[in-house]
Amino acid sequence: MGQLLTRFHLARFHLARFRLAKFYLALVIMALTSHAVSAPATTEPSVILDQQEQAWLKTHPVIRIAPDPDFAPVGWFNKVGNYQGMNSNYIGLLENKLGIVFEVVRARDWQSVLDMARREEVDIVTPIARTSQREAYLLFSNTYINMKGVIVSNKDLPQVHSLADLKGYKVAVVEGYLWDDELTPFQDVIDINRFHDLQTALISTSRGVTDVTVSALDSIRFESRKEGILNLKVVAELQKEINLNFGVRKDWPQLVSILNKSLASISPSERTAIREQWVGLNTSRFWENPVYKYTALAVLGFLLLLVVAVTIWNRMLNARVRQRTQALKNAQMQLIQAEKLESIGRLAAGVAHEVKNPLAIIQMGADYLSQEMPTDEITREVINDIDDAVRRADTVVKGLLDFSHDEELGLKQGNINQVIESSLHLVDHEMRQRNIEVILNLAENVPDINLDANKLQQVLINLFMNSAHAMEREGKLFVSSCLRTLDARSDLAGDHENRFNLGDTVLWVEIEDTGTGVKEADKAKIFDPFYTTKPVGEGTGLGLSVSQNIINLHKGTINIRNRKEGGASVVIMFKVKVGDNE
Amino acid sequence: MKKRILMVDDEPALTRMVKINLERTGNYEVRTENQGSMAVPAAREFKPDLILLDVMMPDMTGDEVAAALKEDAELSKIKFIFMTAIVTKAEIGEISTNIGGNIFLAKPVKTDELIATIESVLSEKE
């Protein structure tokens with residue numbers, strides 16, 4: 001189980017690693033692509049310019065460009081001062097296509113960019129939306145980036161569809177951005193909260209300080225991901241798109257046409273690559289990130305396996321506890337039984353002595369009377385009854401004495417088959433009288449064991465006689481012995497379970513008859529001392545309990561069950577040493 | 001001539017029964033004693049052909065009686081039969097040095113059986 005679990009877990013792990021590797025590979029490819037497009041141009045221009053335009057470029061070797069310094073993911077300066085983002089890629093592409101290098105000017109903020117443009121301290125500002133006010137001092141290229149405006153919130157606002165619906169709400173915007181300009185006319189009815197950057201605006205909405213943030217969808221996605229904001233959702237998409245262009249100083253119309261030609265030569269796949277690199281079309285939700293997804297799946301899978309493993313382990317423990325409890329109960333029962341037998345034994349020795357002398361007196365008295373009394377029928381019957389009573393009482397006492405002396409086995413190495421045969425010989429006459437056919441099946445390979453032949457003979461004779469009594473007139477008695485490996489639960493019925501386990505090899509002796517079998521009600525008590533099913537005076541109820549005691553002293557077990565074909569089957573098992581059977 | 005039998009047992013009713021049953025055959029003269037310690041003096045005086053000896057007696061066990069008889073030159077030839085209520089290996093084992101080889105009867109015993117045993121012991125060669 002453990003090994004399987006580990007293997008399965010490893011397979012999971014490899015899969016996750018494989019996906020992760022794929023993900024990183026994709027990133028590396030993107031990074032390489034971006035490097036290629038933003039690398040300084042050293043190749044020949046790939047845009048077909050007319051002679052005038054080419055001449056213009058030659059006469060203007062330095063073109064100063066001022067990007068918005070803080071407009072992620074479109075463009076921004078990172079911590080080490082490099083300009084990056086979608087716009088940076090576009091600028092790189094243009095440099096490449098035109099075979100020129102722009103001089104990038106870093107302004108403090110967007111407002112400064114516009115100021116520099118007005119003073120003609122820079123030649124291009126980017127990215128910039130066309131407004132009538134800006135047209136006063138700038139020419140505009142074609143649009144190369146457009147962005148969707150959205151309203152985001154941390155709650156559902158089904159009634160908000162446009163900016164006009166924001167009456168009464170606390171609205172977060174970035175100061176000076178298009179949205180600020182758009183909303184300002186409504187500032188009497190809309191609570192406008194102006195922030196210096198988008199991050200702060202989004203955090204205020206995320207924490208419920210403001211109700212909504214209005215900005216470009218791509219910027220919101222980018223900043224949310226960077227800041228780990230997960231609870232914002234788009235409640236409305238705005239009709240108005242932001243179209244971003246290059247703004248060119250008014251006296252350089254040639255540059256506008258050059259830029260437009262270059263922008264036109266950018267293929268859709270190049271545009272998609274740029275967009276994917278910074279906005280990530282398919283990774284707008286964190287749970288769709290493959291690293292997250294497969295890590296989560298792997299963790300879930302592992303947890304599931306863990307739960308299954310713990311459940312199985314728990315069941316195994318439970319089963320073991322049940323087994324141990326049962327074993328303890330059995331041991332306790334055996335102890336109680338042993339104690340019972342011991343006290344019966346002690347009692348028996350005392351009783352025997354005190355009972356046998358009176359019995360002897362009665363016997364002798366009856367003997368005398370039988371000689372001296374008139375020999376009429378009634379007297380003879382009385383004397384006979386006394387004789388019988390003495391014999392019965394004596395039998396009981398003898399049985400009791402067997403208890404007190406069972407501790408003393410004369411153990412010797414011997415063969416059970418010989419004991420079986422000699423015991424059968426002793427009951428031969430009885431069997432023949434009752435018309436009982438004895439069928440012997442003794443295995444030759446049974447090993448010698450430590451046994452007390454006399455005691456075992458006593459047991460076997462007892463069992464044979466029980467069978468004979470159960471069959472009345474005619475029947476079959478099967479007696480067999482063999483070495484056997486216990487391979488079925490049913491082999492361990494009754495007492496056998498207390499001493500043997502599945503897989504043990506035992507010396508197996510079985511005595512089967514075609515008699516009346518054991519009644520269900522008698523089964524539980526059949527080995528109890530003094531329990532008998534025979535008529536009063538015909539059985540002491542000690543035979544089986546003495547037999548069981550003797551078998552137990554041989555470290556063996558005995559059990560009785562009914563055969564399917566009718567009749568009873570007694571199985572006796574003895575321990576054999578490993579290798580004894582060869 | 002009647003055979004002389006000495007019966008030693010701490011159970012008076014039993015010794016009486018044995019005496020009555022044996023003497024009514026006309027073949028035996030029986031003397032009884034109910035104390036183990038009386039066995040040797042009685043034997044010396046009565047000169048029995050055979051002694052029926054109980055094993056478990058309070059003052060002197062059958063084992064001790066047998067040992068005392070063996071030590072006495074005059075009495076050492078007397079045969080005896082042990083009669084006991086306790087037919088256990090353990091008890092036989094404990095005193096086996098002195099009762100080994102002797103006939104041993106378990107109570108209760110039928111008169112016929114007792115007589116047959118007595119006759120068989122007496123017919124043994126000296």
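Chain A is the first sequence line, chain B the second, and so forth, proteins listed ahead of strands; every chain is numbered from 1.
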Item to complete: Would you check if the side chain of Asn21(B) reaches a backbone N or O of Tyr368(A) as a donor-acceptor pair within less than 3.5 Å?
Response: yes

With side chains defined as the heavy atoms from C-beta onward, is the minimum distance between [X] and [Y] less than 4.5 Å?
X         : Y         : answer
Asp394(A) : Pro108(B) : yes
Leu359(A) : Lys107(B) : no
Gln363(A) : Thr111(B) : no
Asp367(A) : Lys110(B) : yes

Worksheet entry | Contacting moiety of Gln371(A), where chain B heavy atoms sit under 4.5 Å | both

Worksheet item: Which atom names give the shortest non-hydrogen contact between Met364(A) and Leu14(B), and what distance separates them?
Response: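 That would be CG-CD1, 4.2 Å.
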
